[in-house]
Amino acid sequence: MNSLSILSGGAAQGLVASLAPEFRALTALDIAGEFGAVGAMAGKMRHWRSTAQRF
């Protein structure tokens, strides 16, 4: 794993971008973010949950 994936509403994009350099320095991980309208992100999560493998 080389990055932390974030799926979030668009308002968090600036905050995540401002924290990314320090996060990278502390963890050696990048942040891969996908930001957009909350309704669209909720739809992506519902789709992911319906297709994710169950253990």
Side-chain angles (χ1 to χ4, degrees):
M1 179 169 85
N2 296 334
S3 65
L4 171 69
S5 296
I6 296 177
L7 183 65
S8 180
Q13 188 170 7
L15 174 63
V16 171
S18 70
L19 297 174
E22 186 174 354
F23 182 80
R24 173 86 166 116
L26 292 171
T27 66
L29 296 173
D30 292 317
I31 297 177
E34 186 173 344
F35 303 91
V38 172
M41 296 297 110
K44 286 179 183 271
M45 287 298 295
R46 282 191 291 275
H47 175 72
W48 175 82
R49 286 181 63 198
S50 70
T51 60
Q53 291 184 357
R54 306 281 190 236
F55 293 97

Apart from Val38 itself, its cluster of hydrophobic side chains linked below 4.5 Å comprises none

Is there any side chain to side chain donor-acceptor pair (under 3.5 Å) pair reaching into residues 4-25, and which pairs are they, with sequence neighbours excluded?
Arg24-Asp30

Could you work out, with side-chain contact (heavy atoms from CB on, under 4.5 Å) as the rule, every residue matching Leu7, not counting sequence neighbours?
Glu34, Met41, Lys44, Met45

Indicate if Ile6 and Leu29 have the same hydrophobic cluster label, given that clusters are the connected sets of ILVMFWY residues with side-chain heavy-atom separations under 4.5 angstrom.
yes

